[in-house]
Amino acid sequence: MRLSQSFIPTMRQDPGEAEVISHRLMLRSGMIRKVAAGIYSYLPLGLRVIRKIETIVREEMNRAGAQELLLPILSPAELWKETGRWDFYGKELVRLQDRHDRDFCLGPTHEEVVTDLFRREVRSYRQLPLTLYQIQTKFRDEIRPRFGLMRGREFIMKDAYSFDQDEAAAQHNYQQMYDAYCRIFSRTGLKFRPVEADTGLIGGISSHEFMVLANTGEELIVFDPDSQYAANVERAEVVPPPSKKGGELKPLKKVSTPNAKSVEDLCGLLKVDASRVVKTLLYQTGDNEITAVLIRGDHQANEIKIQRFLGLHDLTLASPELVAKVTAAPVGFVGPVGLSNVRILADNAIGALTNFIVGGNEPDVHLTNVNSPRDFAVQDWGDFRQAQAGDPSPKSGSPLQTLRGIEVGHVFMLGTKYSEKMGATYLDADGQSHPAIMGCYGIGIGRTAAAAIEQNHDEKGICWPMPIAPFQAQILPVTTSEAVRLASEQLYHELNQQNIEVLLDDRNERGGVKFNDADMIGTPYHIIIGDKGLAGNTIEIKDRKTGEKVLLPPNQVADWIKDAVAQRLQTQS
RNA sequence: CGGGGCGUAGCGCAGCCCGGUAGCGCACUCGCUUGGGGUGCGAGAGGUCGGCCGUUCAAAUCGGCUCGCCCCGACCA
C-alpha cells in the first residue's frame, strides 16, 4: 500500500475529546473517527486490525468445531418477551418499531434468536453437540459510552452459542471454548489472564472472563501466585477468617465524634485502625424496605455478592429519606446497635472482631467496645465484601495479588435458562424430551484492538504485536534523491512479491514527518532508506518496539524481513 | 440518571468578566526553499462563534431554553 494514495488521516495533535491512550492513538493514527457518542467509523487502517483479529478468531472457532452463521441484527420483540428480557434488559436495549408499529430491537446479544433457530431446526440428540458463532455488530445503549472502541454503543462482537445434551457434554464444550479463547488471545500476541467471573445480566451458572492485562484497565482482578486461581474482584471468594479467640469483652461505651462522617475521619479522631471500625451500609431492598450490611472499615462492600445473596438485581444505597425512617442518625453515624425492624447482614470478617466501633445512631456519636451477639443480633453472616490484595487465596492460602485488566472475552455456562423458557428441546435415545444445555461465548473485537494498544504503546505511539499489526513493515524513504526513490520502489516490489504487508511512505514529506507518523501507526518494522545508508550500500531496519537497528545491503532486506515477520508470527509477538 | 466540564476554521486553542473589526498555532492551496526525527520564507483560501428565543442601536460576549460532546459514579464484549 502506498501511503500517498491511502486514506490514513493522521493527526499531529491530540484531539481534545480523547483522554485514554488507545482512544487517542486510534484517532491520531487515523484508525477510527467518531460519528456520535460511542459510535465510530472504522477507517482503512483500523479495519485492517479488526479484520486480523477476526481472522484469528474465525480460525480458532472453526478449529474448536464451531460453525459460523449470521443472525439478523434486527429482531422481533416476541422472542425477547419469551425470555423476559424485553423488560429485564431495560434501557440498554435499542428498541424501534416498523411501519406497522411492531416492536423490534437491535441485537445486543443473540441468545433469543439463536435459541429460536435451534428449536425450529433441531430435534434429536444425534444433532448435538452444536456450536454456532457469528461476528457481527451489536447494539447496546450504554449508560455511558467511553474511551473510543473500549465501550461503544455499537461494537463488533464475536458471539458463539453451544447446545449440548447433558451437563458433562456441556462442560466439555465450555472447556473447548475456553481453550480456544486462550489460543485466540495468545495468538493476538497479548498478555492476558482468564479469571473467574460473575454472570451478570446474561445469567447462568459459571463463567470466566478473559482479561488483557494493562495498568489502564477498568477491571481489577486478584490472582494467586501459587496456584492457577484468578478472579475478578467482583467475584473472588473471600475465605472467612478463623473465628475469634475468646477475649475480654469490654463494656459498651458512647463516644462523641463530631463530624466524623467517614471511616477515615473517625480513625483520625479516635486514633484507631480502620480494621477496628465496622461500617453499617443501608441498602434499599424493595419498597421502603431497608437491609443493613456490616462491613469492616478497611474493606469494601461487594454489591454483587449482596445482590446474589438477597436474590435481587437492583440493589441501591437507601435514600436519606428512607434512612431517616429507621434511625435518627445522619449517614455516617448509623450503627447496628438498637437498629430495630431492619434485617442485618454481616460480612464474615466481623465475626473475628471484638470490642469494635460502630455508629451510634444519633448525630456525632459512635459506640466503642461493641460486640456481637452481646450488643446486637446478626440475621445472616456471609461473604459480602470485595476481595483485596493480601487476602488468602481460596486455593492455596497464599496472599492474593492484584492486577488491572480489560475484559475482552467472556464465556458463560448458561444451563437451561434460555432453552427451557423458549422450549428448545431435543429427544434423547429413549425418546424423552430435554431442554438443551447451553453456553455462550463473546469476544469484543474492537475492544481487543483497543486493549492491544493499551498494552503495547510508548510515548511516540502504538507498538503493534505482529499478528494484529495493520501492516508488517513500513518503508520510509527519508530523502528525496532518485537513488532513494528507486531503492524504495524496488524493495516495495520485492516485499509485495513475498506477500509481506508493506506500507510505502511515498509522500512528499520530510523524514521527520515520516518517522513520527510511522512511530504513531506502530508498524513493527520500519525500513529506513536514505542517501547516507545507500552510500555505504546499506538500508536500516528498525524494530518499532525495541528500537533495535539492523543495517543490511539492499538486496538482503526483503529476505530478512520475510524471515523476521514469519518468526514473530510464530512466537506471537 | 446524578455530579463536574466543554461547544469559536479540519485539529488544538485565545477572545467572553468589561457588548461595537473574529484572532493565533498546526493542517490545507500556490510559489520558492529545505531534504535522516514535525525545514524556512512569502502569498492565499477557509467561520451560520452548537441551535432557538430574548435584552440591546448593536450579541461570540448578557439572560433563558435546548441540543451535542468529554470526564467521575451505578452497567458490560
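Residue numbers start from 1 in every chain, and the chains themselves are labelled A, B, ... in the order their sequence lines are given, proteins ahead of strands.
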Classify the nucleic acid contact of [X] as base, sugar-phosphate or nothing, counting any heavy atom under 4.0 Å across all strands shown.
X: A:Gly90; result: nothing
X: A:Glu17; result: sugar-phosphate
X: A:Glu540; result: base
X: A:Lys34; result: sugar-phosphate
X: A:Ile528; result: base

Between [N] and [M], how far apart are the two [atom1] atoms, rounded to whole Å?
N: B:C16; M: B:U33; atom1: C1'; value: 41 Å
N: B:C76; M: B:G12; atom1: C1'; value: 33 Å
N: B:G10; M: B:U29; atom1: P; value: 15 Å
N: B:G44; M: B:A9; atom1: C1'; value: 15 Å

Give a yes/no answer on whether the side chain of A:Arg146 brings an N or O atom under 4.0 Å of OP1 or OP2 in B:G73.
yes

B:A27, OP1 or OP2 - any side-chain N/O from A:Arg12 closer than 4.0 Å?
yes

Using whole Å, what does the distance between atom [atom2] of nucleotide [N] and atom [atom1] of [X] come to?
X: A:Glu19; N: B:G4; atom1: CD; atom2: P; answer: 17 Å
X: A:Tyr441; N: B:C76; atom1: OH; atom2: P; answer: 19 Å
X: A:Ile443; N: B:A77; atom1: CD1; atom2: P; answer: 12 Å

Is there a side-chain contact between A:Thr188 and A:Val212, using heavy atoms and a 4.5 Å cut-off?
no

Would you mind reporting whether A:Ile528 and A:Lys549 have side-chain heavy atoms less than 4.5 Å apart?
no

Decide yes or no, distance alone: a donor-acceptor N/O pair under 3.5 angstrom between the base of [N] and the side-chain of [X].
X: A:Arg151; N: B:C75; answer: yes
X: A:Gln13; N: B:C13; answer: no
X: A:Lys532; N: B:G37; answer: no
X: A:Asp519; N: B:G37; answer: yes

Please confirm whether A:Arg140 makes a cation-pi placement over A:Phe155, using NZ or CZ under 6.0 Å from the six-membered ring centre and within 45° of the ring normal.
no

Are there more than 12 heavy atoms of other residues, nucleotides or ligands under 6.0 Å from atom CD of A:Glu59?
yes

